Student: 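Shown below is the structure under consideration.
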Protein chains: 2
Amino acid sequence: MADKRSSNLAEKVLARLGADIRGGRLAPGDRLPTEQELTSSMGVSRTVVREAVAALRADGLVVTRRGSGAYVAENPTGPFRIAAPPSGSLAAVLDVMELRLAVEVEAAGFAAERASRKQVVQVRGALRDIDRALKSGDGAVAEDFAFHRAIAEATGNAQFPRFLAFLGSHVIPRQSVRLSVDTPVERRAYLERIQNEHHRIVDGIVAADPVEARRAMRDHLTRSLERYRKLAEGSKP
Amino acid sequence: MADKRSSNLAEKVLARLGADIRGGRLAPGDRLPTEQELTSSMGVSRTVVREAVAALRADGLVVTRRGSGAYVAENPTGPFRIAAPPSGSLAAVLDVMELRLAVEVEAAGFAAERASRKQVVQVRGALRDIDRALKSGDGAVAEDFAFHRAIAEATGNAQFPRFLAFLGSHVIPRQSVRLSVDTPVERRAYLERIQNEHHRIVDGIVAADPVEARRAMRDHLTRSLERYRKLAEGSKP
DNA sequence: CGGCTGAAGTTGTCAGACAACTTTATAAGA
DNA sequence: TCTTATAAAGTTGTCTGACAACTTCAGCCG
């Protein structure tokens with residue numbers, strides 16, 4: 001329960017206060033103990049206490065008012081984090097990929113429903129960029145990512161590209177692994193099939209057909225997911 | 001660009017370093033300037049610098065190694081945040097609700113695909129809890145939330161309930177507003193229709209029919225979204 | 001060439017002090 | 001008595017100096 005592992009006293013104080021807040025012992029609006037009280041009750045210096053409070057403030061869990069005190073935020077819900085890779089690696093990545101699938105499928109649907117002309121142009125341009133990169137030889141992971149982002153932006157809802165960028169940074173590093181295991185000829189066929197799926201997604205968006213756009217995106221990402229799942233099973237049965 | 005508004009010197013340093021990292025001027029793995037360098041270059045005390053670095057560490061942007069220095073994290077993507085309500089209130093909430101819709105629709109699908117027997121029992125139990133709460137008179141917002149969470153947990157993917165809980169804390173406060181504007185009789189009809197939608201979702205999950213589960217969930221949330229959208233337009237045209 | 005030692009550099013922690021601001025208590029005035 | 005001004009105490013923000021713990025690297029010794 002008490003997670004006070006070794007180095008960094010500030011983390012101990014941080015863990016303690018964070019637990020008090022999340023556990024409800026400190027309700028929203030409540031005032032935290034003063035820095036002096038914390039220094040004496042936890043046996044640390046004021047520097048340590050202040051660093052812990054600074055971290056809490058960075059997470060939006062508390063707000064401080066000079067001359068008055070530090071108070072628990074009205075909505076003490078920390079930001080959304082995803083555990084670092086070394087946790088449950090393979091299975092964890094699959095979980096994140098499923099979350100990404102959910103958001104991208106609906107993004108394709110919203111894009112088909114209400115993308116502006118300019119946004120559609122952007123999506124088509126991104127698709128052409130992939131085509132070009134493929135013809136010029138090497139993989140197009142950057143272009144692929146830009147394509148998906150263009151669709152997210154075509155929803156007109158800024159949260160979609162924002163969240164996708166966030167998820168991408170937690171998934172991308174390993175999807176490059178997958179490509180390198182295939183033989184050159186298999187890889188070529190794989191990339192072409194992927195691109196066909198991309199075209200189908202764009203067709204759905206251009207036709208303003210949300211059902212088709214969603215289905216195409218779901219097929220696209222499900223296939224990617226299945227491939228990764230197979231790879232995960234193969235390395236740990 | 002330079003966002004160094006008044007109080008809190010630590011925030012100035014924080015903004016500066018954060019911008020340097022996100023802007024690429026400090027690449028992953030790079031070592032940050034030493035605390036001494038920062039104190040002299042920014043004209044602040046070491047206390048301030050340390051608080052700023054503590055905040056960066058809390059966000060996972062840097063890691064510090066005692067005796068060596070502070071380094072930019074390999075994946076310097078901060079956590080996912082959602083701006084506080086007072087920003088673009090109405091439209092912003094709609095954006096978040098759409099994100100929630102995306103995740104919940106797919107969650108219903110995954111739940112239908114692979115929910116364990118125990119998880120299905122939980123979902124049905126949550127549905128019954130809403131029924132009971134409705135019969136006993138007053139609204140069932142807590143039970144409604146528990147129902148949606150049960151579905152998210154039935155996916156077997158912990159990220160779904162986690163992310164939903166995160167989003168919920170940013171949307172919930174205002175959906176209670178909507179209920180209070182209706183007249184008692186309208187409210188009754190509204191709640192019953194909602195509950196019918198809930199039943200349809202559960203039917204899809206129990207029948208292990210992902211397509212139907214998704215469609216039911218999408219209809220359910222789209223209706224809620226449309227209602228809110230109308231309310232938003234009515235108060236600002 | 002390899003390993004050891006020591007010095008320099010850096011972060012972690014402590015202590016004390018003052019400034020800036022808020023809150024509360026006190027006193028003065030109407 | 002109530003209101004207002006003033007003073008006092010309390011709290012966070014910032015600065016300064018110091019030492020401990022650890023890392024890194026150069027130089028020395030074998």
Side-chain angles (χ1 to χ4, degrees), chain A residues 2-18 20-21 25-74 76, chain B residues 2-18 20-21 25-74 76:
Chain A
D3 191 9
K4 41 179 170 178
R5 57 186 173 301
S6 66
S7 64
N8 230 348
L9 286 180
E11 274 188 14
K12 283 210 288 190
V13 182
L14 177 61
R16 159 73 177 281
L17 290 176
D20 281 352
I21 292 174
R25 285 177 294 281
L26 285 173
D30 281 3
R31 210 187 75 173
L32 271 64
T34 68
E35 293 176 355
Q36 262 196 6
E37 286 171 340
L38 286 174
T39 57
S40 64
S41 80
M42 305 214 47
V44 297
S45 77
R46 206 179 149 210
T47 308
V48 171
V49 171
R50 282 194 64 78
E51 274 181 39
V53 173
L56 287 173
R57 230 187 32 188
D59 277 359
L61 266 65
V62 310
V63 293
T64 56
R65 287 207 292 270
R66 181 199 200 119
S68 176
Y71 299 82
V72 179
E74 325 78 42
Chain B
D3 192 8
K4 41 179 169 179
R5 58 187 172 301
S6 65
S7 63
N8 230 349
L9 286 179
E11 275 189 13
K12 283 211 287 189
V13 182
L14 177 61
R16 158 73 177 281
L17 290 176
D20 281 353
I21 292 175
R25 285 178 294 281
L26 285 173
D30 281 3
R31 210 188 75 174
L32 270 65
T34 68
E35 293 176 354
Q36 262 196 8
E37 286 171 340
L38 286 173
T39 55
S40 64
S41 80
M42 306 215 46
V44 297
S45 77
R46 205 179 152 211
T47 309
V48 171
V49 171
R50 283 195 62 79
E51 272 181 41
V53 173
L56 286 172
R57 230 187 33 189
D59 277 359
L61 266 64
V62 311
V63 293
T64 57
R65 288 208 291 270
R66 179 196 200 125
S68 175
Y71 299 81
V72 179
E74 327 79 43

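Note that these values count all heavy atoms, side chains included, but never hydrogens, waters or copies made by symmetry. Treat the numbers as computed from the prediction; the structure is a model and nothing was measured.
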Student: Taking any heavy-atom pair under 4.0 Å as a contact, classify A/Val44: base, sugar-phosphate, or nothing.
Tutor: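 If one applies the 4.0 Å heavy-atom cut-off, A/Val44 turns out to touch the sugar-phosphate alone, with no base involved.
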Student: Can you list everything that forms a side-chain contact (heavy atoms from CB on, under 4.5 Å) with A/Ser68? Sequence neighbours excluded, please.
Tutor: A/Arg65, A/Tyr71
Student: Once you apply a heavy-atom cut-off of 4.0 Å, does B/Ser68 come out as touching a base, just sugar-phosphate, or nothing?
Tutor: sugar-phosphate
Student: If you draw a 6.0 Å radius around CD in A/Glu37, do more than 12 non-hydrogen atoms from other residues or ligands fall strictly inside?
Tutor: yes
Student: Tell me: CD of A/Gln36 to C1' of C/dC14, nearest whole Å?
Tutor: 15 Å
Student: Taking only side-chain N and O atoms of B/Asn8, does any of them lie within less than 4.0 angstrom of OP1 or OP2 on D/dT14?
Tutor: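 Yes.
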Student: Is there a side-chain polar atom (N or O) of B/Thr64 under 4.0 Å from OP1 or OP2 of C/dG12?
Tutor: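 For B/Thr64, the contact criterion (side-chain N or O under 4.0 Å from OP1 or OP2 of C/dG12) is met.
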Student: In this structure, how many angstroms lie between the P atom of D/dA9 and the CD atom of A/Glu37, rounded?
Tutor: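 Atom-to-atom, A/Glu37 to D/dA9, this comes out as 18 Å.
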Student: Detail all sub-3.5 Å separations between protein N/O atoms and N/O atoms belonging to nucleotides 18-20 of chain D.
Tutor:
unit_1, atom_1, unit_2, atom_2, d
D/dA18, N6, B/Arg46, NH1, 3.1

Student: Indicate yes or no: at least one non-hydrogen side-chain atom of A/Val62 is less than 4.5 angstrom from one of A/Leu17.
Tutor: no
Student: Go through the structure and list residues passing side-chain contact (heavy atoms from CB on, under 4.5 Å) with B/Ala54, not counting sequence neighbours.
Tutor: A/Glu51
Student: To the closest 0.5 Å, what do you measure between CG (B/Leu32) and CG (B/Leu26)?
Tutor: 5.5 Å
Student: Whole angstroms only, please: what is the CZ-P distance between A/Arg31 and D/dG10?
Tutor: 12 Å
Student: Students often get this wrong, so: under 4.0 angstrom with heavy atoms, is B/Arg65 touching a base, only sugar-phosphate, or nothing?
Tutor: sugar-phosphate
Student: Can you tell me the distance, in whole Å, between the CZ atom of A/Arg50 and the P atom of D/dT14?
Tutor: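 Distance, rounded to whole Å: 7 Å.
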Student: Give the nucleotide from the list D/dG13, D/dC15, C/dC14 with an atom nearest to the side chain of A/Leu9.
Tutor: C/dC14
Student: Nearest-nucleotide wise, let me know which of A/Gly67 and A/Val53 is further upstream toward the 5' end of DNA chain D.
Tutor: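 Upstream on the strand: A/Gly67.
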Student: What contact category does B/Thr34 fall into here, base, sugar-phosphate, or nothing, at under 4.0 angstrom with non-hydrogen atoms?
Tutor: sugar-phosphate
